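To start, the structure itself, in structure tokens.
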Amino acid sequence: MMKLISWAVICAALLPSAGAGGPHNVMISNDSEEGIVVDWFNPSTGKPMVFSRLGQGESVRVNSFVNHTFLLRADGDNCTTEELCRYSTVVITDNDDQVIKVREGLEVEHRDSSTKAQYAAADIVQNCRDISKEQLAAGHSSDRVMKQMLSCVEGKTAETLEQLSERVSTETRLREHMSGNLENYTCADEKIETTVAEKFKDWEHQNVTRKIHLLHERKASKIHLVENFISPEECAAIEAAAKPILHRGTVADGKGGSRLSDHRKAMQAGIRIPFEEEGTGSQGEHIANLFRRIYAYTNNATGYGIEVDGQEDLMSIQYFGRGKDDKSPDNYRPHGDGDIDGRPHKRGGRVATMVCYCTADNLVGGGTNFGNANVFVKPKVGAAAFFSYLDSETRLHDTGFTSHSGCPVVEGVKRIAVHWMRIGVNKEMPWDSFNTLNIHKSECEEEE
Ligand SMILES: *[C@@H]1O[C@H](CO)[C@@H](O)[C@H](O)[C@H]1NC(C)=O
Ligand SMILES: *[C@@H]1O[C@H](CO)[C@@H](O)[C@H](O)[C@H]1NC(C)=O
Ligand SMILES: *[C@@H]1O[C@H](CO)[C@@H](O)[C@H](O)[C@H]1NC(C)=O
Ligand SMILES: *[C@@H]1O[C@H](CO)[C@@H](O)[C@H](O)[C@H]1NC(C)=O
Ligand SMILES: *[C@@H]1O[C@H](CO)[C@@H](O)[C@H](O)[C@H]1NC(C)=O
Ligand SMILES: *[C@H]1O[C@@H](CO)[C@H](O)[C@@H](O)[C@@H]1NC(C)=O
């Protein structure tokens, strides 16, 4: 319900001071638990005067001018206007479409045309989230709710934000905002299966043809599922190499190093590639074969043309379920493996990842969820999830579609062999001559 103030009564009080910008249409609404009193500061006397009282669902519209000040206070407070208890003030800006919402604790949200895009995005997400909540409550599957939420947000952003120049950054923000909320629903759904691809292709390598599911296909971001990518012998060789050196995983610390974090809870072991064992029929040869296959596939899928020299080790990562009551299950919260901020590639930075599924014994949870791309991969022994996050032509990184999580492992064991691929490394400048900010160590030393 909109409270209408008689213009005749207030116009006199709201006359502009000389040279002030406006008038601007301003709406003030009560979004709080308590009644709100709106006082207007008379510029000539400097004294507040009661302009409106806003009860349940009420708002008031007024034409006002730049620098006019309104005072907002709780109706219930036993205060005189001279001696205020709790209050907030708001100053009218020189922009159109001003909306002032008074929230809990007299917190003021003041929007205008300059902040519109930002708030439009938040509103759309809120609105779509409310719809999704209702659907979840009505017992729809979380997969279906997620799809509906995505199309809700996409549909609305297209119509609402098209005109606004902030489109790209807003959509990125939206996707992140949204996937944060959907992440938990998706991971908690035990029945969810791997996303069904719209397109498939075959990849032939050394006389073996493998089926590829193209789950997400953009220039700067691709997500593929490769069937029968890793053999049982290869998995066994990796597990044997990992066993004596398993330790708790770490994350980059933003200062060039790494640290322990609850966002990444799993055991891992880095496995050096024993190229010297190639052609010997040993266990090490299996590992080297897999490694070369990873590069063959990556180059085929992306055109990066990268080589095995100077690259990171293979990583064996193992997640152990401890049951539904475990408050802190093994998982890896949403993250990008390299830069996914749309910016140009930094030399030596990661550009693609291969996740090979080796063990999924009695597994509950543990899916790989690409929340922003609406892609979910359920671990399947022998298969691999491939994703890349650099456009090989423009050399610009993905804008967030390959952000992914390792869902909490509730029961069973998940073992994966992961490899992160980089561009700009070689024998002379291997990956570990760069720190986690992709600054080559010699550059740091020069600066110091
Ligand atoms: C509003 O206030 C600011 C800061 O005091 C001042 O710089 C500006 O000129 C004022 N604008 C008008 C239109 O009075
Ligand atoms: C408000 O405060 C005055 C002075 O302290 C007091 O006399 C009066 O009873 C109070 N009114 C209410 C409704 O609390
Ligand atoms: C999702 O789960 C994580 C970990 O339990 C929690 O920290 C986070 O707040 C949850 N997010 C939402 C939106 O519920
Ligand atoms: C990728 O492999 C397929 C067949 O396996 C082949 O037809 C295609 O030309 C390859 N593409 C590139 C870019 O190497
Ligand atoms: C693939 O098959 C062809 C023809 O049978 C054979 O000549 C070639 O050596 C095979 N290549 C590999 C890598 O096994
Ligand atoms: C603001 O006014 C108070 C007192 O009338 C009501 O109790 C609140 O419900 C109302 N807030 C909203 C959001 O309408």
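The shown structure was predicted, so the numbers you read here are calculated from the model rather than taken from an experiment. Ligands are counted one by one from 1 in listed order, and the atoms in each one are counted from 1 as well.
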Next item on the list: Pull out every atom of ligand 6 sitting under 4.0 Å from any heavy atom of G35, numbered as shown with elements.
Entry: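 Near G35, meaning under 4.0 Å from one of its heavy atoms, ligand 6 has 2 (O), 3 (C), 4 (C).
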Item checked: Subset of ligand 6 atoms that lie under 4.0 Å from at least one heavy atom of S32 ->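 Going through ligand 6 atom by atom, the ones under 4.0 Å from S32 are 1 (C), 8 (C), 10 (C), 11 (N), 12 (C), 13 (C).
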Item checked: Under-4.0 Å heavy-atom contact with ligand 6, by part of D31 that carries it ->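 It is the backbone that touches ligand 6; the side chain stays farther off.
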Notebook entry, point to check: What do we get for E34 next to ligand 6 when only non-hydrogen atoms under 4.0 Å count, side chain, backbone, both or neither?
Noted result: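 The answer is the backbone.
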Checklist line | Residue of the set H216, H404, H224 for which ring-ring contact (aromatic ring centres under 6.0 Å, His included) holds with F386 | finding: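 That would be H224; it is the only one of H216, H404, H224 passing the ring-ring contact (aromatic ring centres under 6.0 Å, His included) with F386.
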Next item on the list: Only one of F376, F387, F401 passes ring-ring contact (aromatic ring centres under 6.0 Å, His included) with F370; say which it is.
Entry: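 It is F387; the other options fail the test.
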Any idea which protein heavy atom is nearest [atom], and the distance to it?
{"atom": "atom 14 (O) of ligand 6", "value": "G57 N, 2.5 Å"}
{"atom": "atom 13 (C) of ligand 6", "value": "N30 O, 3.1 Å"}
{"atom": "atom 7 (O) of ligand 6", "value": "E33 O, 3.3 Å"}
{"atom": "atom 5 (O) of ligand 6", "value": "Q56 N, 3.2 Å"}

Note to self: Tell me every residue that passes side-chain hydrogen bond (donor to acceptor under 3.5 Å, both in side chains) with D130, counting only those two or more places apart in sequence or in another chain.
What the structure shows: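 For D130, the residues satisfying side-chain hydrogen bond (donor to acceptor under 3.5 Å, both in side chains) (neighbours in sequence not counted) are Q126.
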Notebook entry, point to check: Are we looking at SG atoms under 2.5 Å apart for C358 and C235?
Noted result: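 Yes.
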Next item on the list: Determine yes or no for a side-chain-to-main-chain donor-acceptor pair under 3.5 angstrom, with N299 supplying the side chain and Y295 the backbone.
Entry: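 Indeed, once roles are kept as given, a pair shorter than 3.5 Å links the two residues.
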Item checked: Side-chain donor/acceptor of R293 to backbone N/O of F229, under 3.5 Å ->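 Yes.
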Next item on the list: Could you pull out every protein residue that has a heavy atom closer than 4.0 Å to ligand 4, ordered by chain and then number?
Entry: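 Answer by chain and number: W203, E204, N300.
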Check: Does the side chain of T69 reach to within under 4.5 Å of the side chain of V90, using non-hydrogen atoms?
Finding: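 T69 vs V90: side chains apart.
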Check: Are F70 and F51 close enough that their ring centres sit under 6.0 Å apart?
Finding: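 Between F51 and F70, which both carry aromatic rings, the centre distance is below 6.0 Å.
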Check: Quick one: side chain to side chain contact (heavy atoms under 4.5 Å, CB included) partners of F275, sequence neighbours excluded?
Finding: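 F275 satisfies side chain to side chain contact (heavy atoms under 4.5 Å, CB included) with I273, E278, A288, F291, R292, V308 only.
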Item checked: E134: partners by side chain to side chain contact (heavy atoms under 4.5 Å, CB included), with sequence neighbours left out ->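 Checked E134 against side chain to side chain contact (heavy atoms under 4.5 Å, CB included); zero matches.
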